[in-house]
Amino acid sequence: MAYHLTIDLGTANTKISDSDKGLIFSAPTVVAAHKETGRVIAVGEDAKRLLGRAPSDISVISPVKNGVISDFEAASAMLRIFLNTVIPRSTFRPKAEIIIPADATAIERRALQEAAERSGVRVNKITSSPMASALSARLETDAPVGNMVLDIGAGITTAAVVSFGGVVCARSTCSAGNEMDKCIKEYIKKNYGVTIGLKTAEEIKCSVGSAHPDTPSGEITVLGRDNSTGLPKEITISSDEVRCAISPVLSAICETVKAVLEQTPPELACDLSERGITLCGGGAELSGLSRFLQENIGLPSGVSS
Ligand SMILES: Nc1ncnc2c1ncn2[C@@H]1O[C@H](COP(=O)(O)OP(=O)(O)OP(=O)(O)O)[C@@H](O)[C@H]1O
Ligand SMILES: [Mg+2]
């Protein structure tokens with residue numbers, strides 16, 4: 001069987017799609033390795049479980065930061081293991097398209113390509129992430145019609161206008177999912193005197209996080225370390241508190257979208273007011289985000305299906 005894969009090495013998750021079947025694999029972009037020998041012990045979900053829980057001789061890292069490779073050896077070793085789980089070992093160097101951030105430099109692009117080739121594929125196409133998002137959302141990309149995609153990932157948020165098969169204008173910011181987690185951790189430290197891990201902060205965001213007050217709200221109880229006693233302490237945090245904690249990140253996302261709108265040629269801007277913003281990336285799952293963007297930017301928005 002001939003495989004034609006698409007590889008998206010994201011800051012939080014590595015996604016592999018097949019041209020026939022769509023998404024065939026997704027796992028956390030995390031590697032656990034022996035510090036001294038560099039030997040890989042676990043990747044993906046197994047490695048993520050070790051975050052904050054590994055002994056001192058094991059390092060647990062994310063080899064991709066803000067969409068670009070920060071540890072080449074770890075990234076290619078991890079990708080090789082992921083590919084081995086989705087395609088039979090006997091398959092000879094399948095063709096692959098790789099997704100790169102909109103503003104990747106030539107060096108960053110080369111590193112992503114080489115990591116993919118080192119993991120056993122033949123890279124035959126490189127696509128910038130806004131184009132890839134627009135295609136997977138099945139937007140009308142071949143026509144001279146403007147569409148805006150807003151990809152909120154873990155390390156980067158990119159807003160872009162695409163038309164006639166290409167990116168017309170784009171802007172990226174590091175205000176994305178990981179920044180929200182850091183804001184939640186800081187909020188809890190400041191208001192409750194309790195330190196939580198980033199993994200717990202992410203759990204809080206995904207379960208009760210919200211971008212708009214008129215969305216179903218809730219509470220979650222988590223365990224952290226009391227900074228005055230050093231002992232474990234339970235705290236309960238609400239959707240309203242999470243919204244308050246992540247509001248700087250939400251504002252920065254709005255500013256990024258506005259900056260792209262300012263660069264958008266007037267004809268395409270008219271298309272956007274009809275078509276709105278297509279949200280993608282894991283951050284688009286944040287409850288109330290469409291409503292928040294509609295109120296702050298004035299364009300309808302919806303998550304790509
Ligand atoms: N329900 C949810 N609410 C809020 N955020 C969510 C939710 N589900 C997932 N996320 C966040 O989405 C992010 C991961 O999304 P995604 O897989 O698109 O990122 P990535 O492609 O790995 O990163 P990047 O594109 O920045 O390199 C994480 O920060 C995660 O916490
Ligand atoms: Mg991404």
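Numbering of ligands and ligand atoms starts at 1, following listing order. Scope of the values below: all heavy atoms of this structure, side chains included, with no hydrogens, waters or symmetry mates.
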Considering only heavy atoms, does Glu202 approach ligand 1 within less than 4.0 Å through its side chain, its backbone, both, or neither?
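Within the 4.0 Å criterion, Glu202 contacts ligand 1 through side-chain atoms alone.
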Report the part of Met180 (side chain from C-beta onward, or backbone N, CA, C, O) that has a heavy atom under 4.0 Å from ligand 1; answer both or neither where that applies.
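Contact part for Met180 vs ligand 1: neither.
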Look at ligand 1 and say whether Cys206 reaches it with a heavy atom at a distance under 4.0 Å.
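For ligand 1, residue contact (heavy atoms, under 4.0 Å) with Cys206 is present.
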Can you find a non-hydrogen atom of Gly283 under 4.0 Å from ligand 1?
yes
So is [X] polar-close to ligand 1, meaning N/O to N/O under 3.5 Å?
X	result
Lys15	yes
Lys205	yes
Thr11	yes
Ala12	yes

Counting from 1, what ligand 1 atoms have a heavy atom of [X] closer than 4.0 Å?
X	value
Leu286	3 (N), 4 (C)
Ile156	26 (O)
Gly177	29 (O)
Gly67	27 (O)
Gly281	18 (O)

Please round to the nearest 0.5 Å and tell me the distance separating atom [atom1] of [X] and atom [atom2] of [Y].
X	Y	atom1	atom2	result
Tyr187	Ile246	OH	CD1	12.0 Å
Lys199	Arg49	NZ	CZ	8.0 Å
Ile184	Arg243	CD1	CZ	12.0 Å

Thinking salt bridges, do Arg110 and Glu114 make one under a 4.0 Å N-O criterion?
yes
Should the pair Glu45-Lys48 be classified as a salt bridge under the 4.0 Å nitrogen-to-oxygen rule?
no
Name all residues meeting the side chain to side chain contact (heavy atoms under 4.5 Å, CB included) criterion together with Ala159; count only those two or more places apart in sequence or in a different chain, and write none if there are none.
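Side chain to side chain contact (heavy atoms under 4.5 Å, CB included) list for Ala159, sorted by chain: Leu150, Thr256, Val257, Val260.
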Among all protein heavy atoms in this structure, tell me which lies nearest to [atom], with the distance rounded to 0.1 Å.
atom	result
atom 25 (O) of ligand 1	Gly153 CA, 3.8 Å
atom 17 (O) of ligand 1	Asn13 ND2, 2.8 Å
atom 23 (O) of ligand 1	Ala154 N, 3.1 Å
atom 1 (N) of ligand 1	Glu285 CB, 3.4 Å
atom 9 (C) of ligand 1	Gly282 O, 3.5 Å

Count the heavy atoms of every other residue, nucleotide or ligand shown that sit under 6.0 Å from NZ of Lys125, and state whether that count exceeds 12.
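Count not over threshold, so no.
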Is there a donor-acceptor contact under 3.5 Å linking the side chains of Glu219 and Ser238?
no
Between Glu295 and His212, do the side chains contain a donor N or O and an acceptor N or O under 3.5 Å apart?
yes
Is there a side chain to side chain donor-acceptor pair (under 3.5 Å) between Ser62 and Thr29 once you walk through the steps?
CA-CA 6 Å; Ser62 173; Thr29 309; 5.7 Å; no
Does Leu51 sit in a hydrophobic cluster with other residues, and if so which ones, taking ILVMFWY side chains as linked at heavy-atom separations under 4.5 Å, directly or through other members?
Val30, Ile41, Leu50, Ile58, Val60
